[in-house]
Amino acid sequence: TDLTTENIREFGVFGAVKVGSQSGKLFNNERVYWDGTKFTYNNTQYWIPNAQYNFTAIAPYESGTDAAWTYTTNEAQNGTIAYNAAKDIDLLFAHVEPAPTGTTITAQPAPVAFTFNHMLSRARFTFVNTIPEISNITMKITDIKITDAYQNGLLTIANGVAGDWTAEANTFEVAFANAAE
């Protein structure tokens, strides 16, 4: 199922802050979820004066050893996403660098606004029947599959920009539903 603005309900956030020469992590796959009226999270953080922030978000939210994706990073804007295609989920990525905070913070900054982009491709097959309609032949297409598809891939993130996928050598088979005409 493709993730869209209508059906996304949670995502993971990675956040880093830098003040002068000091830097640190704010979030490491923090779960952000739809509470029915807005997106929220549980690990409240506060804006720091004179700080520069980086935030990366990946959807859907995944955690644990059986996750379809993992993001290895010491900073939000640089790292590597490892993805397992056999898990059959969509993958979205977003990065934002809000403007640096001023020396004094006099009002609550606006929420961080992510614009997600799809990181995967979809395959679509169209079969054209050239048998004349007047014939008495019925065509049935079965067992459609892609073989030797890469199961695992690595996506490098540099300065908040997703680079090219590097596929790993192991492959798997993707089966599609049968179609009849």
Side-chain angles (χ1 to χ4, degrees), residues 1-121 150-168:
T1 302
D2 289 342
L3 288 175
T4 65
T5 54
E6 288 78 34
N7 69 7
I8 190 170
R9 291 296 173 254
E10 56 185 12
F11 52 90
V13 172
F14 299 80
V17 62
K18 185 174 182 182
V19 180
S21 62
Q22 300 293 315
S23 61
K25 253 186 207 182
L26 292 173
F27 301 118
N28 186 20
N29 199 21
E30 178 71 25
R31 180 178 164 257
V32 176
Y33 58 94
W34 184 253
D35 71 2
T37 57
K38 66 183 181 321
F39 281 101
T40 190
Y41 64 100
N42 296 325
N43 183 16
T44 302
Q45 297 291 324
Y46 297 95
W47 296 98
I48 301 168
N50 297 314
Q52 177 65 49
Y53 292 89
N54 280 287
F55 296 101
T56 292
I58 302 174
Y61 175 75
E62 291 272 303
S63 68
T65 57
D66 197 34
W69 63 263
T70 57
Y71 185 42
T72 305
T73 182
N74 288 326
E75 311 163 320
Q77 74 272 21
N78 297 305
T80 303
I81 298 173
Y83 180 74
N84 183 335
K87 301 292 182 179
D88 196 28
I89 66 166
D90 200 1
L91 183 67
L92 304 179
F93 172 81
H95 178 77
V96 65
E97 294 181 32
T101 56
T103 54
T104 57
I105 300 174
T106 58
Q108 178 177 338
V112 175
F114 290 110
T115 300
F116 285 98
N117 293 295
H118 288 270
M119 294 290 103
L120 304 173
S121 298
Y150 289 111
Q151 179 172 337
N152 297 322
L154 296 174
L155 179 64
T156 301
I157 308 299
N159 296 318
V161 177
D164 293 329
W165 282 99
T166 302
E168 294 186 358

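Note that the structure is a prediction, hence the values are computed from the model and not measured.
Side-chain contact between Leu155 and Met119 is present, with at least one heavy-atom pair separated by less than 4.5 Å. You'll find the side chain of Glu62 reaches within 4.5 Å of the side chain of Ile89, heavy atoms only. Side-chain contact check for Asn159 versus Asn78: some heavy-atom pair is nearer than 4.5 Å. For the pair Asn54 and His95, the minimum side-chain heavy-atom distance is below 4.5 Å. For the pair Phe116/Ile8, a side-chain contact is recorded, criterion being any heavy-atom separation below 4.5 Å from C-beta on.
Considering every non-hydrogen atom in both Val96 and Pro98, the closest pair reads O-CD, 3.6 Å. The two residues Leu3 and Ala59 come nearest to each other via the heavy atoms CD1-C, 3.8 Å. Closest non-hydrogen pair, Ala51 versus Val17, comes out as CB-CG2, 3.6 Å. Counting all heavy atoms, side chain and backbone alike, Trp47 lies closest to Ala110 at CZ2-O, 4.3 Å.
Test Asn29, Ile81, Leu92 against Ile58 for side-chain contact (heavy atoms from CB on, under 4.5 Å) and you get one pass: Ile81.
Partners of Gln22 by side chain to side chain donor-acceptor pair (under 3.5 Å), not counting sequence neighbours: none found. Partners of Phe93 according to the ring pair (Phe, Tyr, Trp, His ring centres under 6.0 Å) rule, which considers only residues two or more places apart in sequence or in another chain, do not exist here. Taking Phe14 as the reference, Tyr71 meet the ring pair (Phe, Tyr, Trp, His ring centres under 6.0 Å) condition, with sequence neighbours excluded. Phe39 meets the ring pair (Phe, Tyr, Trp, His ring centres under 6.0 Å) test with Phe11, Trp34; sequence neighbours excluded.
The CG atom of Asn117 sits 11.0 Å away from the CG atom of Leu91 when rounded to the nearest 0.5 Å.
Relative ring orientation between Tyr53 and Phe55 is described as parallel, the plane-to-plane angle staying below 30° on a 0-90° scale split at 30° and 60°.
Note on residues 99-116: no pairs pass side chain to side chain donor-acceptor pair (under 3.5 Å), not counting sequence neighbours. Annotation: salt bridge (Lys or Arg N to Asp or Glu O under 4.0 Å) contacts involving residues 22-35, sequence neighbours excluded, comprise Glu10-Arg31, Asp35-Lys38.
No donor-acceptor pair under 3.5 Å is formed between the side chain of Thr80 and the backbone N or O of Thr72. Panel note: side chain Gln151, backbone Tyr83; no donor-acceptor pair is recorded below 3.5 Å. Proximity of a side-chain donor or acceptor of Trp165 to a complementary backbone N or O of Leu120 within less than 3.5 Å is not detected. When atom types are taken as modelled, the side chain of Asp90 and the backbone of His118 share no donor-acceptor pair closer than 3.5 angstrom.
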Apply side-chain contact (heavy atoms from CB on, under 4.5 Å) to Phe114 and Val13, showing your working.
CA-CA 10 Å; Phe114 290 110; Val13 172; 4.1 Å; yes
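Heavy atoms of other residues, nucleotides or ligands lying less than 6.0 angstrom from CG of Asn43 number more than 12.
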